[in-house]
Amino acid sequence: MSQYWSDIVHTLTPYVPGEQPKITNLIKLNTNECPYGPSPKAIEAIKAASNDDLRLYPDPNGDALKDALAKRFQLERNQVFVGNGSDEILAHTFIGLLKRDKPLLFPDITYSFYPVYCRLYDVNFNQVPLNDHFEIDIESYQQPCGGVIIPNPNAPTGALLPLDKIEQLAQQHADVPVVIDEAYIDFGGASAASLINRFPNLLVIQTFSKSRSLAGLRVGFALGNADLIAGLERVKNSFNSYPLDRLALAGSVASVEDEEYFDDCCRRVIATRTQLVAALDNLGFSTLPSAANFVFTQHPDNNAASLAEQLRARNIIVRHFKQGRIDNFLRISIGSEAEITALIEALTNILKK
Ligand code: PMP
């Protein structure tokens, strides 16, 4: 606490990101990064952009990236917004689209940054409980609201809503923005990007941090009706004109253009997820169905916090949330095959004790 802080700073409860420990030889399954490197073409492009042009500001509009994304999603450039990670785009969305008189709706168990943005920007919100199967029940969103935001698949559960449910949600709330945070959609879901030309209230947000293995580059994007995007541009240009630097632009464009590498990477993660779920089943865990690059799992006879601690003692980090209904779950990111084999071996030994 400091007398020099603005009043609002005293009231904030900042988001706590998963650890990025400095220890080497760690099996890091706590922040849903991709176990494989980015497209070699992205690395090449970043290297090629490391030249004297870095003395110049980057394109404030990131048009090269917008064009590459517009082509991939069969949209127009003015239906694409780009930002410094999807967290930044979420922040702009909360202040630019979701701050209204009526409350914003989102799940009670979801990405824990949402309530943080609400407090930062003084957005009125109402958390809607997941059903008994830890799923989003869109019927429970039929209430007066100023907007809706949900991750699909949801985090940290991994549960996927099919596209027809997203369509229903957008239809039910045609008069307010409906935002789908698709950070994990490439690992088994269908993107709502295909609905954008039919629903002017629908905003889809995606990231390069997971399926494109570029968490370190900080690139995210949003797709939506040109009016929604123009609103986000106004916020962005009132905040930071150059959210994407020259290296980020070069790398992200090359990544979008390398579809083959991207598809292969997603396929490998999905295959390892299937193996992990089967191995956890054998150990007596029950795992929620996941369409993401992580699983959410619990063991009937073992406390999750203690399991996380014992894994940590073996240099394996997973995520545990100290939060009411999910206190006994572990969220485990899908690592490489070798990492997952080591995890299963460690869990087998821990459970034997
Ligand atoms: N949305 C969800 C649901 C997430 O889990 C994350 C990753 N923590 C993000 C958005 C943000 O990703 P990034 O800022 O790396 O694009």
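Sequence positions, counted from 1, serve as the residue numbers for this chain. In listed order, ligands and their atoms are each counted from 1.
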So the atoms of ligand 1 within less than 4.0 Å of a heavy atom of R218 turn out to be 13 (P), 14 (O), 15 (O)
Determine whether any heavy atom of F208 lies closer than 4.0 Å to an atom of ligand 1. no
A183 heavy atoms within 4.0 Å reach ligand 1 at atoms 1 (N), 2 (C)
Residue, atom and distance of the protein heavy atom nearest atom 8 (N) of ligand 1 read Y111 OH, 3.2 Å
* Asked: So, does D245 use its side chain to make a donor-acceptor pair with the main chain of A248 at under 3.5 Å?
  -> yes
protein heavy-atom neighbour closest to atom 13 (P) of ligand 1 works out as S86 OG, 3.4 Å
Atom 16 (O) of ligand 1: of N152, N84, T207, the nearest heavy atom sits on T207
The protein heavy atom nearest to atom 11 (C) of ligand 1 is D87 OD1, 3.1 Å
- Task: Would you indicate whether K99, at its atom NZ, is surrounded by more than 12 heavy atoms from other residues, nucleotides or ligands within a distance under 6.0 Å?
- Result: yes
Practice prompt. Decide whether F94 and I229 are clustered together by the hydrophobic rule: side chain heavy atoms of Ile, Leu, Val, Met, Phe, Trp, Tyr closer than 4.5 Å, transitively.
Written response: yes
Are any of the side-chain nitrogens in R77 or D63 under 4.0 Å away from the carboxylate oxygens of its partner? yes
min-distance protein heavy atom vs atom 7 (C) of ligand 1 -> K210 NZ, 3.2 Å
Any heavy atom of S209 under 4.0 Å from ligand 1? The part involved is side chain
heavy-atom search around atom 3 (C) of ligand 1 in the protein gives D181 OD2, 3.4 Å
Quick note on ligand 1: atoms under 4.0 Å from a heavy atom of G85 include exactly 14 (O), 16 (O)
Does R72 pair with E259 as a salt bridge, N-O distance under 4.0 Å?
yes
Any donor-acceptor N/O pair, Q74 side chain to K71 backbone, under 3.5 Å: no
Original post:
Okay, side chain of Y117, backbone of D87: is any donor-acceptor separation there less than 3.5 Å?
Top reply: yes
Heavy-atom proximity to atom 5 (O) of ligand 1, picking from Y184, Y114, F113, points to Y184
*asked:* Determine whether a donor-acceptor pair (N or O, by modelled atom type, separation under 3.5 Å) exists between the side chain of N201 and the backbone of A170.
replied: yes
